[in-house]
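Side chains included, hydrogens not; waters and symmetry mates left out as well; all remaining heavy atoms used.
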Amino acid sequence: MSIPTKFIPSEVEEKWYNYWLENNFFKSTPDSRKPYTIVIPPPNVTGVLHMGHMLNNSLQDILIRRARMKGYNACWVPGTDHASIATEAKVVEKLKKKGFSKNDLTREEFLKHAWEWTDEFGGVILEQLKKIGCSCDWDRTKFTLDPEMSESVINGFIDLHNRGLIYRGYRMVNWDPQAQTTLSDEEVIYKEKPGSLYYISYKIDDSDDSVVVATTRPETILGDTAICINPKDKRYKHLHGKKVIVPIAKRSIPIILDEYVDVEFGTGCLKVTPAHDPNDKMLGEKHKLDFIDVLNPNGTLNSKGLHYEGKDRFIVRKSIIKEIDNLGQLVKKENHISKVGTSERTSAIIEPRISEQWFLKMKSLAEPAKLSVLKSEEVQLIPEKFKKTYSHWMENITDWNISRQLWWGHRIPVYYYGKKSSNYVVAESIEKALELAKIKFKNNEISVSDLNQDDDVLDTWFSSWLWPISVFNGINEPDNDEINYYYPTQDLVTGPDILFFWVARMIMAGYAFRGNFPFSKVYLTGIVRDKKGKKMSKQLGNSPDALALIDEHGADAVRVGLMLSSAAGNDLLFDEKLCIQGKNFANKIWNAYRLIDSWNIDSKIKQPSSSIDALICFENTFNKDLESINDHFDKYRISDALMTAYKLVWDDFCSWLLETVKPDYGSSIDIITFDQIKLQFQNILKLIHPFMPFISEEIWHIIKVRSKPEESLIVSPWPKTKKYDKSILESYETMKQTIGALRKFRKENDLPQKFKLNLLCHNKNSIVFPEIISRLGQLEKIEFSDKKINQNGGVLNVGTNEFFIPLDIKIDFEKESIKINEEIKYLEKFRLSINKKLSNPSFVENAPNKIIEFEKKKLSDTEQKIKNLKSRLKKSV
RNA sequence: GGGUGUUUAACUCAGUUGGUUUAGAGUGUUACCUUGACAGGGUAGAAGUCACUGGUUCGAAUCCAGUAACACCCACCA
């Protein structure tokens with residue numbers, strides 16, 4: 001059966017993935033080995049794979065596969081996140097298409113729909129991860145709404161509440177009128193939108209005078225409770241202590257003084273609406289103003305909106321301006337571009353509102369998390385540059401609003417008794433709540449129906465921040481075997497965009513619940529961008545279909561493509577061409593295998609010395625590269641590790657080793673070389689496996705022939721580092737250069753490639769691996785001779801070595817001498833610069849000896865080269 | 001407005017505590033080769049005022065200051 005010239009990924013990917021699964025290679029249980037653990041950043045349960053996931057999870061798989069080969073008990077815990085807002089928004093949208101809204105349903109009915117949705121689309125993304133080869137321990141798959149996970153969240157809440165860290169408070173929150181929920185600051189996206197700045201005059205009480213204020217949100221006028229001016233503003237000195245009348249509402253409100261007001265902006269007069277603007281709230285509290293909330297949760301005006309009650313805020317904006325204009329109080333209207341907060345999920349315009357919410361005190365939680373990262377002792381951020389951003393955020397941390405007015409999520413375990421919202425108990429169940437309530441309110445008559453559970457759910461991140469602990473059930477059972485074995489985990493791989501949402505909070509939770517950090521390294525990947533530098537996202541439609549890419553190029557190729565240019569923390573401009581490079585690489589490896597497979601072995605042939613030498617060169621190169629690959633891995637320079645392996649395979653293994661040892665057409669190979677080549681190929685497959693798991697496993701099994709499951713590449717030991725001989729590597733380098741010079745010579749002089757030459761060398765000691773040079777340089781032989789060269793031919797200069805090529809034909813000496821002169825000129829300039837350095841007394845005094853010696857060597861080498869060239873010039877003339 | 005980065009070959013990026021032959025890689029590009037692993041290949045080559053301006057130093061892509069462009073994060077002026 002002939003082997004296809006091209007590697008066909010689709011024929012092997014599923015086969016090996018299933019093989020790995022069947023043999024439980026991904027599975028991990030605590031044992032006596034050292035654990036190496038990664039918890040996956042849980043993607044949204046109903047999400048689909050995008051390029052960010054691909055990058056992220058390929059990296060994790062590379063790390064976990066290498067750790068597995070290095071003999072660790074490798075455990076990669078997969079899972080998904082319920083993503084309360086994102087999922088709920090999708091379900092609401094789906095219901096809308098069916099013609100009914102969330103409010104038409106009871107909480108239970110809605111949740112039923114949400115679970116149906118989750119069951120339908122949930123986990124698709126995990127199936128996609130399998131396509132790219134992710135070696136997760138699937139038996140451990142967790143979902144943040146699983147019973148055990150939910151229990152962790154509730155217990156975490158109760159614990160923090162008992163420590164006095166959770167409180168109920170009024171807050172200016174970001175209100176999404178469409179989803180009818182509060183959003184965290186992080187979920188609000190500010191967009192520039194053109195609008196108008198309206199100048200409206202307010203009549204001064206007990207006077208015919210008036211004052212003009214500028215506003216972009218006239219609908220909030222009905223909630224005004226003051227006008228604020230800067231006390232230093234000379235224009236308004238006469239207004240100090242006066243009152244003004246709110247248009248339409250005809251209420252009388254005070255003029256207050258505060259330096260907060262910018263004299264330059266608008267008219268220098270600010271209307272203060274404490275219930276609908278964070279800054280106004282601050283002024284309102286400072287000056288003890290009334291708070292008038294004019295909005296309903298759905299964005300329409302409430303009874304405080306008078307005759308506008310029930311109308312949407314944007315409709316009111318238009319009509320109220322009309323009314324004010326009719327009253328003669330609209331002074332002018334200017335175009336104004338303002339940054340408007342919108343919901344990340346629903347894109348609705350956010351309304352700031354005063355609302356009662358649950359908060360988590362962050363200051364004390366942040367302290368240990370801040371220090372551990374700053375000192376890089378327990379948690380290390382890679383790359384380090386994120387440390388600054390991290391500490392800045394930690395220092396300015398504010399309390400975390402953890403309640404959301406949603407249904408899809410973990411319902412807050414708070415039970416109210418009676419009408420006062422301050423009368424509540426916190427408990428994991430209604431039964432427990434009843435017990436507590438009877439004690440707390442000293443009333444044995446209280447029954448279940450007297451208690452009302454809080455309607456809100458917890459912020460999604462409130463379950464995510466427990467993830468590294470809760471996946472091992474460490475919140476509910478703090479002393480179980482799993483958490484004790486796997487925690488703290490080793491590496492976390494995620495995007496820098498969720499450094500604050502998630503990473504920082506997980507570190508805090510680690511110290512809060514286990515007194516220990518959750519992971520020791522955080523590898524922050526770059527953000528995947530398209531060629532124009534735009535962030536790849538589904539919304540922009542510029543993200544290539546991840547699965548289509550795999551179908552087209554193969555999973556190995558896509559993984560390589562992603563890794564090739566993804567230095568940690570640096571954004572990655574993704575270009576599909578990189579996948580093609582990955583594909584070419586896979587094909588190169590495939591054809592190396594085909595070549596080896598095609599050889600006829602003849603046990604009677606003696607091993608040629610060129611093969612012996614080539615193998616020595618390769619082994620030393622391999623050991624050097626292995627050392628540097630390990631070093632790159634230790635520093636999380638994954639793309640460098642891959643590139644080193646890439647060049648080792650392509651250049652050293654294929655172009656030099658295989659080219660040297662491959663038998664001529666029609667001949668056979670000796671058995672010693674053949675076995676050695678197979679061995680080296682296996683070593684190479686090991687290095688390649690973390691990056692390209694499928695093709696490497698495929699070839700591994702073919703060349704190992706009868707390999708048993710436990711001898712699979714995925715669980716084979718990572719190569720051990722061995723010493724290498726630097727002088728051999730130097731000779732190898734010289735040899736490659738010699739061959740290069742020879743090929744160049746042949747080309748420049750228009751000699752056919754198969755034209756066999758003879759090479760004369762004066763210095764026997766300077767020549768290295770002559771057999772390989774003969775073979776790959778297509779030489780008849782290399783002669784060592786002291787005899788004067790007095791015949792036609794050419795000269796090769798390699799470093800300080802000089803070779804003579806005797807030829808029957810004449811070399812174009814004129815052309816040759818021009819070239820030599822140019823080279824001499826270049827070298828003389830170079831010599832001048834070294835001389836200048838060496839004759840500079842302060843250089844000689846200050847520079848370290850090593851550098852001076854080096855410069856001297858440079859000088860003598862250069863002089864030798866010039867001498868060689870000059871003597872060549874003489875001969876040519 | 002505050003902060004953090006980036007700027008090195010046509011493109012994407014390295015350049016590891018300032019000295020390692022007047023800067024490296026991959027891709028692309030140019031010329032030539034190619035029935036014996038691979039045209040998704042081979043061989044050889046070309047290609048850079050290290051953003052700009054100053055400074056420190058015997059010595060700067062590397063350190064410092066300033067300028068410019070870009071990116072991201074945070075806060076948001078009615």
Legend entry - Distance, rounded to the nearest Å, where Lys662(A) contributes NZ and rG36(B) contributes P: 10 Å

Legend entry - Atom-to-atom span, NZ of Lys856(A) to C1' of rU20(B) - whole angstrom: 17 Å

Legend entry - Nearest-Å distance for atom pair OH/P, residues Tyr593(A) and rG41(B): 20 Å

Inset, instruction - Could you grab the distance from atom CD1 of Ile772(A) to atom CG of Leu779(A), nearest 0.5 Å is fine? - result: 12.5 Å

Legend entry - Interatomic distance at P, rA71(B) relative to rU56(B), whole Å: 35 Å

Legend entry - C1' gap between rG26(B) and rU22(B), integer Å: 24 Å

Inset, instruction - Look at all strands and tell whether Val261(A) reaches a base, only sugar-phosphate, or nothing, counting heavy atoms closer than 4.0 Å. - result: base

Inset, instruction - Identify whether any heavy atom of Lys271(A) sits under 4.0 Å from a base atom; if not, whether one sits that close to sugar-phosphate; answer base, sugar-phosphate or nothing. - result: nothing

Inset, instruction - With heavy atoms under 4.0 Å as the rule, sort Lys588(A) into base, sugar-phosphate or nothing. - result: base

Inset, instruction - Using whole Å, report how far CG of Asn396(A) lies from P of rA75(B). - result: 10 Å

Legend entry - Closest nucleotide among rG45(B), rC76(B), rC32(B) to the Lys744(A) side chain: rG45(B)

Inset, instruction - Tell which nucleotide pairs with rG40(B), taking only Watson-Crick or G-U wobble pairs whose two distances are both under 3.5 angstrom. - result: none

Legend entry - Gap in Å between the two C1' atoms, one belonging to rA61(B) and one to rG1(B), rounded: 33 Å

Inset, instruction - Enter the distance from Thr525(A):OG1 to Tyr636(A):OH here, rounded to the nearest 0.5 Å. - result: 14.0 Å

Inset, instruction - Give a yes or no answer on whether the side chain of Asp652(A) reaches the backbone of Leu657(A) with a donor-acceptor pair at less than 3.5 Å. - result: no

Legend entry - Candidate nucleotides rA44(B), rC77(B), rA37(B), ranked by approach to the side chain of Asp277(A) - the nearest: rC77(B)

Inset, instruction - State plainly whether the residues Glu828(A) and Lys825(A) are in salt-bridge range, i.e. N to O under 4.0 Å. - result: no

Legend entry - Spacing of the P atoms in rG42(B) and rA37(B) (rounded, Å): 13 Å

Inset, instruction - Say whether, by atom type as modelled, one donor and one acceptor occur between the side chain of Arg746(A) and the main chain of Leu742(A) under 3.5 angstrom. - result: no

Legend entry - Check: Tyr593(A) ring centre within less than 6.0 Å of Trp590(A) ring centre: yes

Inset, instruction - Name the nucleic acid region contacted by Glu659(A), choosing base, sugar-phosphate or nothing; use a 4.0 angstrom heavy-atom cut-off, strictly under. - result: base

Inset, instruction - Enter the distance from Leu658(A):CG to Ile677(A):CD1 here, rounded to the nearest 0.5 Å. - result: 5.5 Å

Inset, instruction - Report which part of the nucleic acid Pro841(A) touches: base, sugar-phosphate, or nothing (heavy-atom distance under 4.0 Å, all strands). - result: nothing

Inset, instruction - Nearest whole angstrom, please: distance from the P of rU21(B) to the CD of Glu828(A). - result: 21 Å

Legend entry - Atom pair distance, as rounded to whole Å: OH in Tyr665(A) and P in rU35(B): 12 Å

Inset, instruction - Report which part of the nucleic acid Thr216(A) touches: base, sugar-phosphate, or nothing (heavy-atom distance under 4.0 Å, all strands). - result: sugar-phosphate

Inset, instruction - Ignoring the backbone of Lys747(A), work out which of rC38(B), rU21(B), rC32(B) is nearest its side chain. - result: rC32(B)

Legend entry - Step-by-step side-chain contact (heavy atoms from CB on, under 4.5 Å) determination, Tyr198(A) to Ile221(A): CA-CA 12 Å; Tyr198(A) 302 96; Ile221(A) 281 176; over 6 Å; no

Inset, instruction - Sticking with atom P, work out how far rA47(B) lies from rG24(B), rounded to a whole angstrom. - result: 14 Å

Inset, instruction - Please measure how far the P atom in rG48(B) lies from the corresponding atom in rA25(B), and state the result in whole Å. - result: 14 Å

Inset, instruction - For Gly740(A), answer base if it contacts any base atom (sugar-phosphate contacts may also be present), sugar-phosphate if it contacts only those atoms, and nothing otherwise; contact means non-hydrogen atoms under 4.0 Å. - result: sugar-phosphate

Inset, instruction - Sort out the partner of rA71(B) for me: Watson-Crick or G-U wobble, both distances under 3.5 Å, none otherwise. - result: rU4(B)

Legend entry - Which nucleotide in rU22(B), rG41(B), rC58(B) has an atom nearest any side-chain atom of Lys829(A): rU22(B)

Legend entry - Nearest listed nucleotide, side chain of Lys385(A), among rC77(B), rC38(B), rG5(B): rG5(B)

Inset, instruction - Scan nucleotides 23-30 of chain B nucleotide by nucleotide, 5' to 3', and note B when protein non-hydrogen atoms come under 4.0 Å of the base, S if they reach only the sugar-phosphate, - if neither. - result: --SSS---

Inset, instruction - Answer with base, sugar-phosphate or nothing: what part of the nucleic acid does Asp280(A) contact at a heavy-atom distance below 4.0 Å? - result: nothing

Inset, instruction - May I ask you to evaluate whether Asn587(A) reaches the phosphate of rG41(B), defined as a side-chain N or O under 4.0 Å from OP1 or OP2? - result: no

Inset, instruction - Looking at every strand, decide which applies to Cys654(A) at a 4.0 Å heavy-atom threshold: base, sugar-phosphate, or nothing. - result: base

Inset, instruction - Find which nucleotide of RNA chain B each of His392(A) and Ser842(A) is nearest to by heavy atoms, and output the residue with the more 5' nucleotide. - result: His392(A)

Inset, instruction - Any strand is fair game: report the nucleotide pairing with rA60(B) by Watson-Crick or G-U wobble, both distances under 3.5 Å, or none. - result: none

Inset, instruction - Whole angstrom is fine here: how far is it from CD in Glu748(A) over to P in rA44(B)? - result: 12 Å

Legend entry - Short side-chain N/O contact to rG5(B) OP1/OP2 from Lys388(A), under 4.0 Å: yes

Inset, instruction - Specify whether Phe653(A) and Phe681(A) have parallel, tilted or perpendicular ring planes, treating 30° as the upper limit for parallel and 60° as the lower limit for perpendicular. - result: parallel

Inset, instruction - Apply the test ring pair (Phe, Tyr, Trp, His ring centres under 6.0 Å) to residues Tyr646(A) and Phe585(A): give CA-CA distance (whole Å), side-chain angles for both, the deciding distance (0.1 Å), then the verdict. - result: CA-CA 8 Å; Tyr646(A) 178 94; Phe585(A) 186 40; 4.6 Å; yes

Inset, instruction - Would you mind telling me which of rU21(B), rA37(B), rG19(B) lies closest to the side-chain atoms of Pro848(A)? - result: rG19(B)

Legend entry - Shortest side-chain distance from Leu595(A), nucleotide among rG40(B), rA37(B), rC58(B): rA37(B)

Every protein N/O lying under 3.5 Å from an N/O of nucleotides 14-17 of chain B:
residue: rA14(B); atom: OP1; partner: Asn570(A); partner atom: ND2; Å: 2.3
residue: rA14(B); atom: O3'; partner: Arg637(A); partner atom: NH2; Å: 3.0
residue: rA14(B); atom: O2'; partner: Arg637(A); partner atom: NH2; Å: 3.4
residue: rG15(B); atom: OP1; partner: Arg637(A); partner atom: NH1; Å: 3.1
residue: rG15(B); atom: OP1; partner: Arg637(A); partner atom: NH2; Å: 3.1

Legend entry - Span that lies between the P atom of rU29(B) and that of rC74(B), in whole angstrom: 41 Å

Legend entry - Interatomic spacing from CE in Met172(A) to CG in Asn401(A) - rounded to 0.5 Å: 13.0 Å

Legend entry - For rA10(B), the Watson-Crick or wobble counterpart (both distances under 3.5 Å): rU27(B)

Legend entry - Rounded distance (nearest 0.5 Å) linking atom CG of Leu642(A) with atom CG of Leu564(A): 5.0 Å

Legend entry - 5' priority, RNA chain B, between Pro663(A) and Phe830(A) [closest heavy atom]: Phe830(A)

Legend entry - Atom-to-atom span, CD1 of Ile350(A) to P of rC76(B) - whole angstrom: 13 Å

Inset, instruction - Before accepting this row, confirm whether a basic side-chain N of the pair Asp861(A)/Lys865(A) lies closer than 4.0 Å to the acidic partner's carboxylate O. - result: no

Legend entry - Whole-angstrom distance between rG28(B) and rG19(B), as gauged at atom C1': 33 Å

